[in-house]
Amino acid sequence: MNVVVSIGGSVLVPEPGADRVAAHARVVEQLLEDGCRVGAVVGGGGVAREYIGAARTLGANEIELDQLGIDVTRLNARLLIAALEEETVTAPARDYEEAGDAFRTGNVCVMGGVAPAQTTDAVGAALAEYVDADLLVYATSVPGVYSADPNEVDDATKYDHLTAAELVEVIAGLEMTAGASSPVDLLAAKIIQRSGMRTIVLDGTDPERIARAVRTGEHDGTDVVPEGSGDEPTAWTRDDHDE
Ligand code: UTP
């Protein structure tokens, strides 16, 4: 099973520290042991926001700020690489081809951001599309996709299940509300829609939830299911789920 896990910077590195990164690396290794090929995409989180905030005050333009953000995502990706026992990955892949090569030859690749004017949400979706992933998992700091920003709106409801078209609609609505944040951005949602990628958005602060979702399909987040496919997942790594 080919799986891409997009780990938010605020999930992997709420502050630079070893334990949480090591726990996420263990999950990547467990999935490799299960026989998965794993692509991990790492976000910039609070550290990126602090750098971007400081540089904006200093007069940097938006593209320069994006480059700064990309550098922080790659820094976080290097932390994950440092925690992996795999010796095949030595640096974050710079583009999809490099990531795809590592994925096919060593069964694992790690990336941060790649190009300005997007976030690692889109990188995760594009990598998943590029390596023909069976499953894309967004490990975020929120429990799933909501009808509105749950930090702002009391009666925001979490979706257990969405089609990709519904995901695009929900995210587009969220992005039009100033200040509201969505767990997956619109470009990522559009890539998911065009590729028909089975996707899970979950709270990844406990990395074991990622392992469980990949292995069994069980999670408390939001399932984004390609149109036309049934409720049952196409492939989970644990056979006992199929029995
Ligand atoms: P993130 O993907 O971390 O953005 O990239 P985020 O929305 O803050 O997500 P969390 O908090 O980690 O979940 C950080 C910044 O890096 C730049 C953007 O400026 C983004 O806001 N970036 C990242 C790019 O320009 N291109 C990329 O491919 C990735």
Side-chain angles (χ1 to χ4, degrees), residues 4-17 20-21 24 39-80 91-100 109-130 136-146 149-151 167 171-172 174-192 199-207 209-210 221-222:
V4 169
V5 182
S6 177
I7 311 171
S10 43
V11 169
L12 187 73
V13 196
E15 69 289 322
R20 192 179 280 264
V21 179
H24 277 277
V41 179
V42 179
V47 180
R49 275 190 289 277
E50 281 181 40
Y51 270 84
I52 288 170
R56 182 173 275 128
T57 307
L58 293 168
N61 66 39
E62 290 302 314
I63 298 294
E64 288 169 332
L65 298 179
D66 284 341
Q67 295 289 12
L68 201 64
I70 292 170
D71 285 348
V72 177
T73 64
R74 290 173 55 80
L75 209 60
N76 288 343
R78 281 190 190 276
L79 265 186
L80 183 66
R94 279 173 298 239
D95 57 36
Y96 299 108
E97 287 183 350
E98 216 176 278
C109 66
V110 179
M111 296 183 86
V114 291
Q118 58 175 32
T119 73
T120 49
D121 293 346
V123 177
L127 178 64
E129 190 171 58
Y130 186 62
L136 168 62
V137 179
Y138 284 101
T140 75
S141 52
V142 293
V145 181
Y146 282 77
D149 186 342
N151 296 317
L167 177 72
I171 300 295
L174 284 175
E175 290 201 352
M176 286 177 70
T177 317
S181 58
S182 60
V184 178
D185 69 22
L186 188 55
L187 180 56
K190 296 287 275 184
I191 298 171
I192 290 166
T199 304
I200 296 171
V201 182
L202 51 69
D203 176 349
T205 48
D206 176 358
R209 294 200 194 110
I210 303 170
T222 301

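Every number for a ligand or one of its atoms is a count from 1 in the order of the listing.
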Q. Which atoms form the tightest heavy-atom contact between Ala40 and Leu80, and what is the distance?
A. CB-CD2, 3.8 Å
Q | Validation row: Tyr96, Val123 side chains within 4.5 angstrom (heavy atoms) | A | yes
**Q.** ligand 1 atoms in contact with Val114 (distance to a heavy atom under 4.0 Å)
**A.** 27 (C), 28 (O)
Q | Nearest-contact summary for atom 29 (C) of ligand 1 - protein heavy atom, Å | A | Gly113 CA, 3.4 Å
Q | Closest non-hydrogen atom pair between Gln67 and Pro116, with its separation | A | NE2-CG, 3.7 Å
Q | Test side chain to side chain contact (heavy atoms under 4.5 Å, CB included) applied to Arg20 and Val13, Thr205, Asp206, Leu79, the passing residue | A | Thr205
Q. For atom 15 (C) of ligand 1, what is the nearest protein heavy atom, given as residue, atom name and distance?
A. Gly69 CA, 3.9 Å
Q. Quick one: does Gly9 get an N or O within less than 3.5 Å of an N or O on ligand 1?
A. yes
Q. Does any non-hydrogen side-chain atom of Val42 lie less than 4.5 Å from one of Thr120?
A. no
Q) Who gets closest to atom 4 (O) of ligand 1 by heavy atom: Thr119, Thr140, Asp185? A) Thr119
**Q.** Contacts of Asp66 that satisfy salt bridge (Lys or Arg N to Asp or Glu O under 4.0 Å) - sequence neighbours left out
**A.** none
Q | Atoms in ligand 1 flagged as close to Gly43, the criterion being non-hydrogen separation under 4.0 Å | A | 3 (O), 12 (O)
**Q.** Contact summary for Val114 and Ile70, nearest pair of heavy atoms
**A.** C-CD1, 4.1 Å
Q. Should you measure from each heavy atom of Pro116, which atoms of ligand 1 turn up under 4.0 Å away?
A. 25 (O)
Q) Can you name the salt bridge (Lys or Arg N to Asp or Glu O under 4.0 Å) partners of Arg78, sequence neighbours left out? A) none
Q. Would you find a donor on one side and an acceptor on the other, under 3.5 Å apart, between the side chain of Ser182 and the backbone of Leu174?
A. no
Q) Looking at atom 24 (C) of ligand 1, what's its closest protein heavy atom, distance included? A) Gln118 O, 3.0 Å
Q. So which heavy atom in the protein is nearest atom 25 (O) of ligand 1, and how far is it from that ligand atom?
A. Asp66 CB, 3.1 Å
Q | Under-4.0 Å heavy-atom contact with ligand 1, by part of Ala117 that carries it | A | backbone
Q: Give the residue, atom name and distance (to 0.1 Å) of the protein heavy atom nearest atom 1 (P) of ligand 1.
A: Thr120 OG1, 3.6 Å
(Q) Determine whether a donor-acceptor pair (N or O, by modelled atom type, separation under 3.5 Å) exists between the side chain of Asp121 and the backbone of Asp185. (A) yes
Q: Write out the residue and atom name of the closest protein heavy atom to atom 26 (N) of ligand 1, then the distance separating them to 0.1 Å.
A: Ala115 O, 2.5 Å
(Q) Just to be sure I read this right, does ligand 1 sit under 4.0 Å from the backbone of Ala122, its side chain, both, or neither, counting only heavy atoms? (A) neither
Q) Considering residues, nucleotides and ligands other than Tyr130, do more than 12 of their heavy atoms fall under 6.0 Å from its OH? A) yes
Q: For ligand 1, indicate whether the residue Gln67 contacts it via side chain, backbone, both or neither (heavy-atom separation under 4.0 Å).
A: neither
Q: Identify the protein heavy atom lying closest to atom 11 (O) of ligand 1, giving its residue, its atom name and the separation to 0.1 Å.
A: Arg49 NH1, 3.1 Å
Q) At a 4.0 Å threshold, what atoms of ligand 1 neighbour a non-hydrogen atom of Val123? A) 28 (O)
Q | atom 3 (O) of ligand 1 - nearest protein heavy atom and its distance | A | Gly44 N, 2.5 Å
